[in-house]
Q: 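I have a structure I would like to understand better, so I am pasting it below and will then ask my questions one at a time.
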There are 2 protein chains.
Amino acid sequence: MDWSSQQPGSAGNVVYSRLKHQILTLELPPGTVLSEKEMSMVFQMSRTPVRESFVRLAQEGLVLVLPQRGTKVSLIDSELVEEGRFMREQLERAVIRLACEHFPEEMLIALDTNLAMQQESMEKRDDQRMFDLDEAFHRTLFEGCRKLGTWAVIQQMNSHLNRSRMLWLSTDQHWNPLYEQHKEMVEAIRRRDPNHAERVMKMHLNLSISNMEVLKEKYPNYIK
Amino acid sequence: MDWSSQQPGSAGNVVYSRLKHQILTLELPPGTVLSEKEMSMVFQMSRTPVRESFVRLAQEGLVLVLPQRGTKVSLIDSELVEEGRFMREQLERAVIRLACEHFPEEMLIALDTNLAMQQESMEKRDDQRMFDLDEAFHRTLFEGCRKLGTWAVIQQMNSHLNRSRMLWLSTDQHWNPLYEQHKEMVEAIRRRDPNHAERVMKMHLNLSISNMEVLKEKYPNYIK
DNA sequence: GCTACCACACTTGTATGGTAGCATTGAACT
DNA sequence: AGTTCAATGCTACCATACAAGTGTGGTAGC
């Protein structure tokens with residue numbers, strides 16, 4: 001939820017968003033210890049804004065603050081991954097049904113251009129960009145249904161799910177079927193076929209499930 | 001999401017939870033200006049932990065901090081109310097279907113005792129307690145399906161919805177049909193009848209919709 | 001060699017003073 | 001009378017100092 005306002009350039013905000021990004025991209029792997037002092041030196045500022053960002057990250061479950069002992073990037077919690085998947089499935093299925101009833105034209109166009117960029121990125125084998133485009137695609141669905149707040153909440157709950165997907169991405173990823181399903185969903189919205197759209201969405205989300213068992217075996221230190 | 005850890009008795013936490021409670025119960029009405037200094041005097045502590053709690057409340061959208069001007073309790077945002085309702089409906093419908101497939105016995109018993117207390121509170125006309133019991137009832141549904149994280153996220157998104165319900169409560173409230181529906185849902189879970197359970201849940205949530213138009217007329221200063 | 005203990009180097013939590021920016025007021029000016 | 005603008009008092013923001021808890025390594029005593 002990003003209505004945290006405050007001036008975007010404030011010291012506290014830059015370290016917050018920077019750290020958040022690094023955590024979500026696994027640049028800061030789960031379990032990394034952080035320390036307010038160390039970060040204050042890295043970012044060339046006092047402890048206060050750093051601490052502030054730690055508090056916000058803790059609020060979102062991205063870091064774990066242990067009083068008087070230290071702060072570390074939270075491990076990926078399998079339960080939360082499953083819950084995130086569950087929640088996302090319910091909401092996305094509902095939203096795409098909404099989209100079939102009413103969806104603004106300009107948003108449909110946005111989806112088209114997004115699809116084009118997906119194809120391009122796929123050929124370039126640019127996984128990170130593909131990941132971002134995938135996210136933007138779904139986000140646009142919510143935006144078109146005026147449900148951006150819902151999307152924000154999903155994002156928050158899915159910090160754990162997304163990190164596991166990020167791990168999964170490095171092991172193996174076939175974008176093609178996902179892309180095809182994206183196209184199929186847009187067509188279904190144009191045809192105003194909620195049942196078909198919902199069915200594709202359900203399959204789509206099941207495809208991007210990462211197998212936690214395998215991940216836990218491969219990256220035991222990252223997963224709780 | 002309350003895995004913000006930190007020692008529960010820390011100064012920052014007490015002011016955070018106290019303020020949060022006061023905001024959600026409208027003890028601090030929307031639009032109230034807060035000021036770090038003032039609160040630090042009220043709670044007999046320095047500005048630092050107060051400021052920290054402000055940051056956390058802002059993260060949840062409960063207060064709005066305007067950089068060099070002040071901090072005030074956020075107005076009830078009609079869009080967020082609608083989104084909260086939407087999100088809650090989707091997730092509760094899905095969860096009660098899950099509950100019909102599998103629900104631990106002790107949780108069913110918890111629902112029974114909750115129902116008994118609801119009846120008692122209804123006779124006593126204790127609206128606030130009824131409100132809390134209602135919340136506990138739904139929370140138990142999520143708990144039984146191991147979806148407490150989802151419930152936490154709903155609660156967060158619903159801070160605006162709940163405040164509007166709190167307003168609505170003071171104008172007019174008929175608990176009886178809600179109570180009957182609660183009973184009916186428990187029965188449906190026992191019978192393992194997902195379709196009926198979901199239908200009742202849908203009606204149930206529609207009942208507790210507060211009419212934003214009316215509210216906006218009655219409390220124009222509270223609503224955006 | 002083993003254990004108990006203590007000093008020290010960390011950590012986060014809290015207090016406080018100073019800074020920059022916004023808003024209001026009121027006086028000077030047109 | 002209406003307008004401009006500077007003084008003033010407010011705010012959140014940040015830096016710094018101190019307090020208090022935790023873990024660790026070294027050392028004295030056995």
Side-chain angles (χ1 to χ4, degrees), chain A residues 1-20 23 28-75 221, chain B residues 2-20 22-23 28-75 221:
Chain A
M1 209 125 19
D2 257 1
W3 41 59
S4 34
S5 79
Q6 290 154 342
Q7 41 206 346
S10 81
N13 273 2
V14 300
V15 49
Y16 165 74
S17 39
R18 182 99 187 87
L19 283 181
K20 180 167 181 175
I23 292 174
L28 287 173
T32 311
V33 299
L34 286 182
S35 152
E36 297 174 358
K37 191 171 196 175
E38 181 198 346
M39 285 330 244
S40 73
M41 292 193 297
V42 171
F43 286 98
Q44 300 268 21
M45 59 181 72
S46 89
R47 269 184 53 210
T48 307
V50 173
R51 174 174 173 74
E52 187 174 298
S53 72
F54 278 23
V55 169
R56 293 169 69 183
L57 292 170
Q59 187 87 350
E60 296 187 49
L62 290 177
V63 305
L64 198 64
V65 176
L66 303 104
Q68 270 72 25
R69 286 197 281 167
T71 300
K72 64 184 181 59
V73 177
S74 64
L75 300 185
N221 314 358
Chain B
D2 256 1
W3 42 59
S4 34
S5 77
Q6 290 155 344
Q7 38 206 346
S10 81
N13 273 1
V14 301
V15 48
Y16 166 73
S17 39
R18 182 99 188 86
L19 282 181
K20 179 167 181 175
Q22 289 188 332
I23 292 174
L28 287 173
T32 310
V33 299
L34 286 181
S35 149
E36 297 175 358
K37 195 182 221 169
E38 180 197 348
M39 284 329 231
S40 71
M41 293 194 295
V42 170
F43 286 99
Q44 300 269 17
M45 61 181 70
S46 87
R47 301 195 318 271
T48 306
V50 172
R51 171 173 172 74
E52 192 169 291
S53 71
F54 278 19
V55 168
R56 293 168 68 184
L57 291 170
Q59 186 86 350
E60 298 187 47
L62 289 177
V63 306
L64 198 65
V65 36
L66 303 104
Q68 258 67 18
R69 287 190 281 161
T71 301
K72 63 181 179 57
V73 178
S74 63
L75 300 185
N221 312 357

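Throughout, a chain's letter reflects where its sequence line sits, starting with A, and its residues are numbered from 1.
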Q: May I ask you to verify if any side-chain N or O of T71(B) is less than 4.0 angstrom from the OP1 or OP2 atom of dT11(D)?
A: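 It does not, given that no N or O in the side chain of T71(B) lies less than 4.0 Å from OP1 or OP2 of dT11(D).
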Q: Where do E38(A) and V33(A) come nearest, in terms of heavy atoms and distance?
A: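 It is OE1-O, 4.3 Å.
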Q: To the nearest Å, give me how far apart CG (N13(B)) and P (dT14(C)) are.
A: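 The distance from CG of N13(B) to P of dT14(C) comes to 8 Å, rounded to the nearest Å.
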Q: I need the CZ-C1' distance between F54(B) and dA12(D), as an integer number of Å.
A: 10 Å
Q: Quickly work out the L57(A) CG to dT12(C) P distance and round it to whole Å.
A: 13 Å
Q: Please check this pair: side chain of S74(A) against backbone of G61(A), looking for a donor-acceptor N/O pair closer than 3.5 Å.
A: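 Yes; judged by distance alone, with no hydrogens or angles, the pair exists.
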Q: What heavy-atom pair brings G12(B) and S53(B) nearest, and what distance separates the two atoms?
A: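 Between these two residues, the closest heavy atoms are O-CB, 4.0 Å.
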Q: Using atom CG of L64(A) as one end and atom C1' of dT11(C) as the other, report the distance to the nearest whole Å.
A: 14 Å
Q: Do R51(A) and V15(A) have side chains that get closer than 4.5 Å, going by heavy atoms?
A: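 Heavy-atom side-chain distance check fails, nothing below 4.5 Å.
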Q: For the side chain of R69(A), counting heavy atoms from C-beta on, which of dG13(C), dT22(D), dA23(C) is nearest?
A: dT22(D)
Q: For the side chain of Q68(A) and the base of dT12(C), is some donor closer than 3.5 Å to an acceptor across the two?
A: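 It does, because a donor-acceptor pair links the side chain of Q68(A) to the base of dT12(C) below 3.5 Å.
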Q: According to the Watson-Crick and G-U wobble definitions, with both distances under 3.5 Å, which nucleotide is paired to dG21(C)?
A: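 Matched dG21(C) with dC10(D) under the 3.5 Å cut-off.
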Q: Checking side chain to side chain contact (heavy atoms under 4.5 Å, CB included) against P30(B), which of V63(B), L75(B), L64(B) comes through?
A: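 Passing option: L75(B).
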Q: Please determine whether the number of non-hydrogen atoms from other residues, nucleotides or ligands lying under 6.0 Å from atom NZ of K72(B) exceeds 12.
A: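 Yes, NZ of K72(B) has more than 12 neighbouring heavy atoms, counting only those of other groups under 6.0 Å.
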Q: Roughly how many Å is it from OH in Y16(A) to C1' in dC13(D), rounded to a whole number?
A: 18 Å
Q: For DNA chain D, what residues of residues 30-45 of chain A have any heavy atom nearer than 4.0 Å?
A: M45(A)
Q: Would you indicate whether the side-chain heavy atoms of L62(B) and K20(B) approach each other to under 4.5 Å?
A: yes
Q: Apply side chain to side chain contact (heavy atoms under 4.5 Å, CB included) to M41(B) and V50(B), showing your working.
A: CA-CA 10 Å; M41(B) 293 194 295; V50(B) 172; over 6 Å; no
Q: Nearest of dT12(C), dA12(D), dT22(D) to any side-chain atom of R51(A)?
A: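 Among dT12(C), dA12(D), dT22(D), the one nearest the side chain of R51(A) is dT12(C).
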Q: For the residue pair L34(B) and F54(B), establish whether any side-chain heavy-atom pair is separated by less than 4.5 Å.
A: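 When only atoms from C-beta onward are counted, F54(B) and L34(B) do touch, with a gap below 4.5 Å.
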Q: Find every protein N or O atom lying less than 3.5 Å from an N or O atom of nucleotides 16-18 of chain D, and list the pairs.
A:
{"residue": "dT16(D)", "atom": "O4", "partner": "T48(A)", "partner atom": "OG1", "Å": "3.3"}

